[in-house]
Undergrad: 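Once you've had a glance at the structure underneath, I'll fire off some questions.
Hydrogens, waters and symmetry mates play no part in the numbers below; they use all other heavy atoms, side chains included. So you know, we letter chains A, B, ... as the sequences are listed, proteins then strands, and number each from 1.
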Amino acid sequence: MDYRRTYVKDLLASQPQTGVEAFGWVKTRRDSKGVSFVQLSDGSCFNDLQIVIDAGTLPDETLKLLTTGASVRFTGDLVASPGEGQSVELKATGAEIFGASDPTTYPLQKKGATMEFLREIAHLRVRGNTFGAVFRVRAQAAYAVHKFFYERGFHWVHTPIITASDCEGAGAMFAVSTLLEAIEDHSGETPQTLWKLHNQNPKSDFFGKPAFLTVSGQLEAETLAMGLTNVYTFGPTFRAENSNTARHLSEFWMIEPEMAFCSLEGDMKLAEEFLRYVIQYLLDNSSQDLDFFNKRIEPELLSTLEHVANSSFEHLTYSEAVKHLESSGESFEFPCTWGSDLQAEHERWLTEVKVGRPVILTDYPKDIKAFYMRQNEDGKTVRAMDVLAPRIGEIIGGSQREERLDVLESRIKEMGLPIEAYWWYLDLRRFGSAPHAGFGLGFERLLMYVTGMKNIRDVIPYHRTPGNAEF
RNA sequence: UGCCCCUUAGCUCAGUCGGUAGAGCAGCUGACUGUUAAUCAGCGGGUCGUUGGUUCGAGUCCAACAGGGGCAGCCA
């Protein structure tokens, strides 16, 4: 056996020929008097290979073991299919079963299961139509991300996953420590694992100071952009927020481009180009999987994606958006006033009702945005942007960064942050500072958008959320 | 973190007023010369999430716990 062999995807695209083999897992079997049909899947593409087994070809014992979930190698001839739904099929002459799958206990079936149930058997769900498609599209999208940046001369940079800088400021962090040790407690009826804290002094911890999992690679990416000009990160990101929604994960993958000599206008242009490029790439290269999502998951998916790939995004300033919201005539649960952050219901109205496609909001009040965003001349707003998309809300958050040393320093002090910790970040403004901008994009939110999947936990193989780290 | 909902067969669900359990699919057996979520007939399948309480009697009412989910906030 060798990984260099013919896969289901290749067989389905081949002309009839003798002496072929196919490896995979049985999805279903159908029996008639003189013939049995097996749908064989190996994950190489959306469609299954239909295996035709004439009665008497295989021993009864073998045929009986060809149940949903079994892994098998079929040998035979690839022939033109007289039935509808496929151009070729494999006429079996032999079958070797590697692993049987007891149909009375195998939890996957050919008929509907809920997303919630499949999430609890996440180690098996990839064998079904939906999750096979999700993870193929995920891989294609990741490739498209790299391709997009590579074609534009961006350098992929690897910012640290463990960070001792608690100044990233993007949310609650997970601690990374060796001061804790697991101990078994046998005093109760059932033994349980407890934590023992060696001591409470961070100086004796592994890194000699408190360390955390990164919540953003942005600040480090900025340092790399101040030498490589155009860079991006694409890696895991961690937030210890107690968020329980269909669009938050504790561990997710984020894409963060950062560009030197670039204004917010260039940043917006990149964000829009990026989204439209990835969507077009998937329309061109994942059409079978997208057709399935359009048919079974989200009926408006294809028309929406095609529309977005071919039309420019609406641009609005925060202040204009607030005016639209105030005169909308809608009765929101929370009224919209200038100076406060937009509620989810406001964002939804703007992108779904008012505009009907992605919208970029810019120039937010400085008090509701991060310290590093560049201040406008009005002294009240900053060069921030959020890209909002129908159905999923905020998909991108970015800004032009504050490149003026004095303004940045006073902003850090104003917000009560420990200025000593930012010494290296401030150095960028001391030595060859340059206007620069970037954004952060949640990869799983992008995947929700392009697949139509409704819960972010269903576009990552194993989700990490508060109270859940199974598998 | 706050508010709300759900948990009955392997899966998806019904179960009225509190009176001791139902369907479809899956599985098994059989029928059918080529099916596409095949079809048809028959059969088996239950600690009603767990613990406690109210009651003559609890799937049904109450409480706690466990698991799952929705909305909001935080954000990507």
Undergrad: Which listed nucleotide (B:rA76, B:rC28, B:rG73) is nearest to the side chain of A:Met254?
TA: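 Between B:rA76, B:rC28, B:rG73, the one nearest the side chain of A:Met254 would be B:rA76.
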Undergrad: Remember a base hit wins even if backbone is also touched, and classify A:Ser36 as base, sugar-phosphate or nothing at under 4.0 Å, heavy atoms.
TA: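 Contact class for A:Ser36: none.
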Undergrad: Counting only side-chain nitrogens and oxygens, does A:Thr105 get under 4.0 Å of the OP1 or OP2 atom of B:rG10?
TA: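 No, A:Thr105 has no side-chain N/O under 4.0 Å of OP1/OP2 on B:rG10.
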Undergrad: When the P atoms of B:rC11 and B:rU16 are considered, how many whole Å apart are they?
TA: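 Approximately 22 Å lies between the P atom of B:rC11 and that of B:rU16.
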Undergrad: Whole angstrom is fine here: how far is it from CG in A:Asn244 over to P in B:rC4?
TA: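 Rounded to whole Å, this separation is 15 Å.
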Undergrad: When you measure from the side-chain N and O atoms of A:Arg30 to the phosphate of B:rA38, is any distance below 4.0 Å, counting only OP1 and OP2?
TA: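 Yes, A:Arg30 has a side-chain N/O under 4.0 Å of OP1/OP2 on B:rA38.
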Undergrad: Rounded to whole Å, please give me the gap between CD in A:Glu444 and C1' in B:rC75.
TA: 14 Å
Undergrad: Does OP1 or OP2 of B:rU35 have a side-chain N or O of A:Arg29 closer than 4.0 Å?
TA: no
Undergrad: Under 4.0 Å between a side-chain N/O of A:Arg296 and OP1 or OP2 of B:rA37, yes or no?
TA: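 For B:rA37, OP1/OP2 do not have a side-chain N/O of A:Arg296 under 4.0 Å.
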Undergrad: Taking for each residue the nucleotide of RNA chain B bearing the nearest heavy atom, is the 5' side occupied by A:Phe37 or by A:Phe334?
TA: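 Closer to the 5' end of RNA chain B: A:Phe37.
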Undergrad: Specify the separation, in whole Å, of atom CG of A:Asp102 and atom P of B:rC28.
TA: 9 Å
Undergrad: Would you please name every residue forming a salt bridge (Lys or Arg N to Asp or Glu O under 4.0 Å) with A:Arg136, sequence neighbours left out?
TA: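 Only A:Asp289 meet the salt bridge (Lys or Arg N to Asp or Glu O under 4.0 Å) criterion with A:Arg136.
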Undergrad: Taking only the side-chain nitrogens and oxygens of A:Arg247, find out if one of them lies under 4.0 Å from OP1 or OP2 of B:rA72.
TA: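 Affirmative; the distance criterion is met.
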Undergrad: Once you round it to whole Å, what is the distance between C1' of B:rA38 and CD1 of A:Ile51?
TA: 18 Å
Undergrad: Represent RNA chain B in dot-bracket notation, 5' to 3'. Only Watson-Crick or G-U wobble pairs with both distances under 3.5 Å count; pseudoknot-style crossings use [ ] and interstrand partners use |.
TA: (((((((..((((.....[..)))).(((((.......))))).....(((((..]....))))))))))))....
Undergrad: Is there ring stacking between A:Tyr106 and B:rG10, where the centres must be under 5.5 angstrom apart and the planes under 30 degrees?
TA: no
Undergrad: Is the shortest side-chain N/O distance from A:Ser32 to OP1 or OP2 of B:rG34 below 4.0 Å?
TA: yes
Undergrad: Give the rounded distance in Å between these two atoms: CG of A:Asp54 and P of B:rC32.
TA: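 Nearest whole value for this atom pair: 17 Å.
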Undergrad: Using a cut-off of strictly less than 4.0 Å, decide whether A:Asn468 has a side-chain nitrogen or oxygen near OP1 or OP2 of B:rG68.
TA: yes
Undergrad: Side chain of A:Glu116 only, heavy atoms from C-beta on: which candidate in B:rU12, B:rG69, B:rU35 is closest?
TA: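 Of the options given, the side chain of A:Glu116 lies nearest B:rG69.
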